[in-house]
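Before any comments, here is the structure.
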Amino acid sequence: MKYSSQLLMKLYRSMLRIRLTEESLVEPIQNRTINCPVHLYSGQEAVAAGICANLSKKDYIFGNHRSHGHYLAKGGDLKEMIAEIYCKETGCTKGRGGSMHLISPENGVMGIVPIVAGTISLATGAAMASRTRNDKRVSVSFFGDGATGEGVLYEALNFAAIYKLPIIFVCENNLYSTHMPIEDIRTDNHIAEIGPAFGLKTFRCEGNNVLKVYEVAKKSVEHCRGGKGPAFIEFLTYRLRGHVGPDDNIQGSHTDIRPLSEISKWKRKDPVLNFESYLLKKKILSEKKAAAIKDELNREIKDAHDFALKSSRPPADELLNYVFAR
Amino acid sequence: MKYSSQLLMKLYRSMLRIRLTEESLVEPIQNRTINCPVHLYSGQEAVAAGICANLSKKDYIFGNHRSHGHYLAKGGDLKEMIAEIYCKETGCTKGRGGSMHLISPENGVMGIVPIVAGTISLATGAAMASRTRNDKRVSVSFFGDGATGEGVLYEALNFAAIYKLPIIFVCENNLYSTHMPIEDIRTDNHIAEIGPAFGLKTFRCEGNNVLKVYEVAKKSVEHCRGGKGPAFIEFLTYRLRGHVGPDDNIQGSHTDIRPLSEISKWKRKDPVLNFESYLLKKKILSEKKAAAIKDELNREIKDAHDFALKSSRPPADELLNYVFAR
Amino acid sequence: MSSPGKRKLNFALAINEALTQMLESDESVMLIGQGVKSPWYVGNTCKNLIERFGEKRVIDTPVSENVTTGAAVGVAIAGMKAIVVHPRVDFAVYAFDPIINQAANWFFMSGGRSTVPVVFWLIVNRGGEQAAQHSQSFHAFFSHVPGLKVVAPATAYDAKGLMIAAINDKNPVVFLDERWLYGVEDNVPEEIYEVPIGKGIVRREGTDVTLISFSWLLHQSLKAAEQLAQQGINAEVIDIRSLKPLDEELIISSVKKTGRVVVVDGTWKFCGYSSEIISLIMENGGIDFLKATPLRVNLPDAPAPASESLEKVYYISTDTIVNSVKSLFSK
Amino acid sequence: MSSPGKRKLNFALAINEALTQMLESDESVMLIGQGVKSPWYVGNTCKNLIERFGEKRVIDTPVSENVTTGAAVGVAIAGMKAIVVHPRVDFAVYAFDPIINQAANWFFMSGGRSTVPVVFWLIVNRGGEQAAQHSQSFHAFFSHVPGLKVVAPATAYDAKGLMIAAINDKNPVVFLDERWLYGVEDNVPEEIYEVPIGKGIVRREGTDVTLISFSWLLHQSLKAAEQLAQQGINAEVIDIRSLKPLDEELIISSVKKTGRVVVVDGTWKFCGYSSEIISLIMENGGIDFLKATPLRVNLPDAPAPASESLEKVYYISTDTIVNSVKSLFSK
Ligand SMILES: Cc1ncc(C[n+]2csc(CCOP(=O)(O)OP(=O)(O)O)c2C)c(N)n1
Ligand SMILES: Cc1ncc(C[n+]2csc(CCOP(=O)(O)OP(=O)(O)O)c2C)c(N)n1
Ligand SMILES: [Mg+2]
Ligand SMILES: [Mg+2]
């Protein structure tokens, strides 16, 4: 496949923006300025960036507890996200949700909530609406390897296949579900095998290589948009941080889970750094340009934190505002 | 495989007993002596008989709304079952359950209840208890093609595979789930494909040929008993009656579902009649002996109906007897 | 054609008419659920819908309550209006995640940015020797969970009007009906109309005691009121019909007037719907205006049995209601 | 070693001790659930269990609440005693089929022939800006469903004693605790003992008003009682601890004595647990012995918000309890 340098730079920027945003959260989490549970996406940026680059604003995505990357890649407003993570009234869910509850309907970010696998059926329904309206939208359901433990996923795969719904099921297999390594929760690490069993167009793909992600996403989107039914993609990836917060869950520490050697191995596969090197090598990017982009993004991110910090928390007397819509 | 005539006769008797019992229910249902919903097993006898012939009394089975056959083949008492179908105090669940609620713990019939797929996880748990106790029991979970729509099945397959539980998942694919033909609820009719996706030993087998059922059951039981983990079997079969009661759900009738030609085709594959012919041809059975067996079974069945009819319904003042165990 | 307001229709066909007219008049309406194309599965409430509106708007499903319900929620999130039906509320237990965790919380969790106009139409079965897993009712639980509206019509008129109101509501609405109601017949206007969610109605005026009920037992309560009248007790009968939001004023003002109350609630007693009514009355000054102990008539605290001999004592009869009311006057 | 009855232990370690001792003394006991081998997931309630009793009796699971719970029910049906834990009760919503449809009905549906000695240990989270899907509590629903027992300890002593009683009970028991309780410390005997299910306890004697509470809010109620004492109001405080079966006598006799009641219930109000208590009191002659309107203190009828500014007003404070009680005396 041939890529325009415009596209390559777009992917780079998209990933980098996620990474810098995620890492900007570490300090405020550690010093307890941020208190809601935050699940960092660092390490998985290629998936969000590569998928969303194939979607239009009108397309739908749904996510889970670890969805900052999905939200940003799909066009969700950065300031509103950061404000939400600080649980402020200016946040994208008005401080009602926090980090695990992001939304941006104007940009097709339709729902991100933390019940594992909880949005898979919702994404399936959104795709069903598209089929009924024949509006040519594609829906994407992002979920983790942990979500493959939930039965509703299989109901959704079957459902989507029967009605040929325009939906892509994106499983980000990062080898862990909280404290459980994948070997403890499946007999093998071949999640993708479930796709064909339900009749879905299925791919298994390296998740840390944004170009490979892009390609497989492109095929899947075309498949869905063409009315040929749903697709299932398993991406092999890794979260550079531990399950929640910046803690790395290194063996021997208090949150004693992951071997250091494994973490190191995956650090070498860092999707952002590797893609940067590739672009540098290909001369699509210069060191100087890279530094400028980082500066710019860091400024944007800092502004977002400032905005969030200046914003107030929701007023106590508005507690009951959103129980029922009128 | 070589079969002793003793085994062959046992299988024949087991199937015939189920068939004659099921058909004995038609009249009392039609004249409303029986009022609870009854789902007849006629046509699927080879599955229950072939599986249960490989189980010992201590092994566990769990069933669903269509489980008269499973109960009988596993050794459940006929009288108590018939009495239960009449909702009498002498029934196996003391008139509290009716046809869809059968139990016989002494014979390993551990639970039969009508929520679709509801007992799959229970059977999985029973197998887990066996693994913990190392008691060498095998559990069998009987369910229909309809139950493959329920997510809990996939959770159970994965669960059983991870812990290598001694359980056989038996899917009786009779091509219909209430009014829905299988084509409407899956993209293909290859349910068995889900087994390998979760790492289970998997078989797909003709369900109307009791010897084929027997063989595949034997292999599966050995696999489980040997501690090698769970097995999944899809049996292709057909219910000769419609979904509920004796009604055949023939196209054009009020319960307008199944083409007459399809019903006729499957009538030619009748597992009981065909096996009888086979035994007659092989001279393992004579016409006279067959008639004698039928007489004997019919007498037993008539006795069971008489017993049920003579029994009383549960006394009203015992309504609250079984809310809590003491 | 019958003249407006005079046409009789039964409850099941009133629902059918509501669905037909809403599918007809609003192309964003969809109906999803097990049995919508079955000749017998959901009574005749869904008659001709799939034929008329096609398989993209009226969708029969596999036995997958969880994704079916979640998909309906997703349809609503995507801007359409969804109705999802479960032929027995017991089956919807598999779908409590999309109902309770997702739909009920959605508008709030999204900071008011995303609405879920979905109707969870859950049919309650009683009797028929179907036993414990086919006869439950969870009215109290649905009413307990913030973010859900809950309606339970007793008449064909309300069945149509509340179904239409539920479809048009921006919030998730749990629509609970019972098969025993499907034959109930009354005047049903032919046009589209709404019965407002949040409003109860006095079905019979009276002065001595207030009977508060909903769904099938409303009819038993009305019968009980007739019998009581012959014995000199003049009962007011209220049909709650909107379990949440509840028409508190209607209840309070009636009980203030009569000074006596019996809540006739066809679900389990402990932490049940009737206990909310009693508590509400007490919080609104019951201690000052009640002339007798407020009573609850409920199912016994037991699962539903199969055998008819037990069903007969399990379900609530007119006699039980009558006796309960009379006990208030005997001392 | 501390002398018997004098040893202090916190709530979380009291549960850990109950589990350890029951796994130790009864080889038919098994523990299943997400996080039982995690260093952080269920606090330190499961510390060392897997190391000590092995992976066949203490089983960490995939994120599969439905089959995990159903498997625990199956383990119990097969003659063992199962405890299944969900680190948040919200996750157990996926598992309502095995809890509600299966376990609760099982003994009844089997005509008394099959028991289900299973403990559904469901942990309630409150606060921490975790929001609507991580902060729900369904005490009223579990209590509503026939066939389930429900306990909610407030002290370390009761946590251990009720967990042991729940494990030994032949019926399914829902054991509801809260993370906020895990640091609560009190005297916990070292031996195995049961706190009987079905018995409440008076935590503070008083004469003017009865505060009825359970779980975390018991402690707030006790604090409120101290403040009230300084203002001349002598409150009796009851810890229900067994939500079902409920110790009705204890409640009735206390309220008869004081003539005033405030139910302090940390769950939603509408059709909530507190409404059962009010109704029960009324049915038992409240109209004759109540001197003031019986009150409920509950969460607002809204999902849990994330932001701390909203959490502060969402959850119930000692002040709210105090003010509620004082309102009974002001007129
Ligand atoms: C129904 C439910 N069960 C359990 C949890 C707790 N939980 C939060 S995230 C998570 C693991 C998710 O793992 P995975 O899906 O692989 O996503 P990852 O965190 O690796 O991105 C669990 C079990 C939950 N939120 N919802
Ligand atoms: C959870 C649930 N949903 C729906 C039903 C209604 N129902 C009873 S049997 C059945 C179909 C079962 O089909 P299948 O599993 O293939 O078994 P078969 O009747 O063909 O033997 C359905 C949908 C139910 N009992 N439980
Ligand atoms: Mg993961
Ligand atoms: Mg079938």
Side-chain angles (χ1 to χ4, degrees), chain B residues 60 62 84 89 91-98 100-106 110-115 117-135 137 139 141 150-160 162-163 165 167 314 320-326, chain D residues 27-30 32 53-59 61-82 84 94-95 97-98 100-118 146-149 169-172 197-198 244-245:
Chain B
Y60 294 145
F62 288 80
E84 191 53 45
E89 176 72 16
C92 59
T93 55
K94 298 213 168 70
R96 268 65 180 176
M100 304 190 289
H101 304 70
L102 306 175
I103 199 162
S104 180
E106 324 76 80
M110 302 305 281
I112 284 169
V113 295
I115 286 290
T119 60
I120 294 176
S121 60
L122 311 186
T124 306
M128 182 165 254
S130 291
R131 167 184 177 256
T132 305
R133 291 186 300 222
N134 195 20
D135 64 15
R137 277 187 175 96
S139 289
S141 172
E150 300 287 11
V152 68
L153 167 63
Y154 306 93
E155 296 188 17
L157 296 179
N158 185 49
F159 205 80
I162 298 172
Y163 307 114
L165 303 184
I167 178 168
L320 302 180
N321 271 20
Y322 306 116
V323 181
F324 288 116
R326 248 168 285 260
Chain D
E27 64 174 22
S28 75
V29 173
M30 284 178 68
I32 310 175
F53 302 103
E55 300 219 330
K56 287 194 175 160
R57 294 184 62 207
V58 179
I59 295 161
T61 71
V63 198
S64 307
E65 286 81 8
N66 194 339
V67 75
T68 299
T69 310
V73 173
V75 161
I77 289 171
M80 297 184 72
K81 295 173 183 169
V84 56
Y94 274 135
D97 175 65
I100 307 300
N101 281 333
Q102 310 302 336
N105 289 325
W106 196 262
F107 183 66
F108 189 91
M109 290 190 299
S110 73
R113 293 182 67 189
S114 179
T115 56
V116 190
V118 64
L148 296 178
K149 297 186 177 181
D169 202 287
K170 284 191 182 147
N171 301 285
I197 298 175
K244 192 177 186 186

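Letters A, B, ... mirror the listed sequences (proteins, then strands); counts begin at 1. Any value given below was found using the heavy atoms of this structure, including those in side chains, with hydrogens, waters and symmetry copies removed.
For a residue to count as touching a neighbouring chain, one of its non-hydrogen atoms must lie under 4.5 Å from one of that chain's; by this rule D:T69 does not touch chain B. Both the backbone and the side chain of D:S110 come within contact range of chain B, judged by heavy atoms closer than 4.5 Å. For chain B, the nearby part of D:I32 is the side chain; its heavy atoms alone come within less than 4.5 Å. Contacts between D:N171 and chain B at a heavy-atom distance below 4.5 Å involve the side chain alone, from C-beta outward. For B:A325, the parts lying near chain D are the backbone and the side chain together; criterion is any non-hydrogen pair under 4.5 Å. For chain B, no part of D:S28 is nearby; none of its heavy atoms comes within less than 4.5 Å. There is no contact between B:E150 and chain D, counting heavy-atom distances below 4.5 Å. Heavy atoms closer than 4.5 Å to chain B are found in the side chain of D:M30, but not in its backbone. The contact between B:Y163 and chain D is made entirely by side chain atoms (from C-beta outward), counting heavy-atom distances below 4.5 Å. With a 4.5 Å cut-off on non-hydrogen atoms, B:N158 touches chain D through its side chain but not through its backbone.
The shortest side-chain heavy-atom distance between D:Q102 and B:V113 falls under the 4.5 Å cut-off. You'll find the side chain of B:S121 stays beyond 4.5 Å of the side chain of D:V73, heavy atoms only. In this structure, D:I77 and B:Y60 have side chains that are not in contact, with every pair of non-hydrogen atoms separated by 4.5 Å or more. The closest side-chain heavy-atom distance from D:D97 to B:V152 is not below 4.5 Å. The shortest side-chain heavy-atom distance between B:V323 and D:F107 does not fall under the 4.5 Å cut-off. Two residues are said to be in side-chain contact when any heavy atoms from C-beta on lie closer than 4.5 Å; B:R133 and D:M80 meet this criterion. No side-chain heavy atom of D:N105 sits less than 4.5 Å from a side-chain heavy atom of B:Y322.
In terms of non-hydrogen atom pairs under 4.5 Å with chain B, the most contact-rich of D:W106, D:F108, D:Y94 is D:F108. Between chain B and the options D:P245, D:G111, D:A76, the largest number of non-hydrogen pairs under 4.5 Å is found for D:G111. Interface summary for chain B: among D:T115, D:D169, D:V63, D:L148, the most heavy-atom pairs under 4.5 angstrom belong to D:L148. Note on B:G98, B:G97, B:A156: by heavy-atom pairs under 4.5 Å with chain D, the leading option is B:A156.
A donor-acceptor distance shorter than 3.5 angstrom exists from the side chain of B:T132 to the backbone of D:K56, with no hydrogens or angles considered. Listed for the D:K170 side chain is a donor-acceptor partner under 3.5 Å among the backbone atoms of B:R326.
Counted within 6.0 Å of CD on D:E55, heavy atoms from surrounding residues, nucleotides or ligands total 12 or fewer; the atom is thus considered open.
By the 6.0 Å and 45° rule, D:K149 stacks over the aromatic ring of B:F324.
Across all their heavy atoms, B:I103 and D:R113 have their closest contact at O-NH1, 3.6 Å. Smallest separation of non-hydrogen atoms from B:I162 and D:P62: CD1-CG, 3.6 Å.
In this structure D:R57 satisfies the side-chain hydrogen bond (donor to acceptor under 3.5 Å, both in side chains) test with no other residue, sequence neighbours excluded. Not a single side-chain hydrogen bond (donor to acceptor under 3.5 Å, both in side chains) links B:R131 to another residue, sequence neighbours left out.
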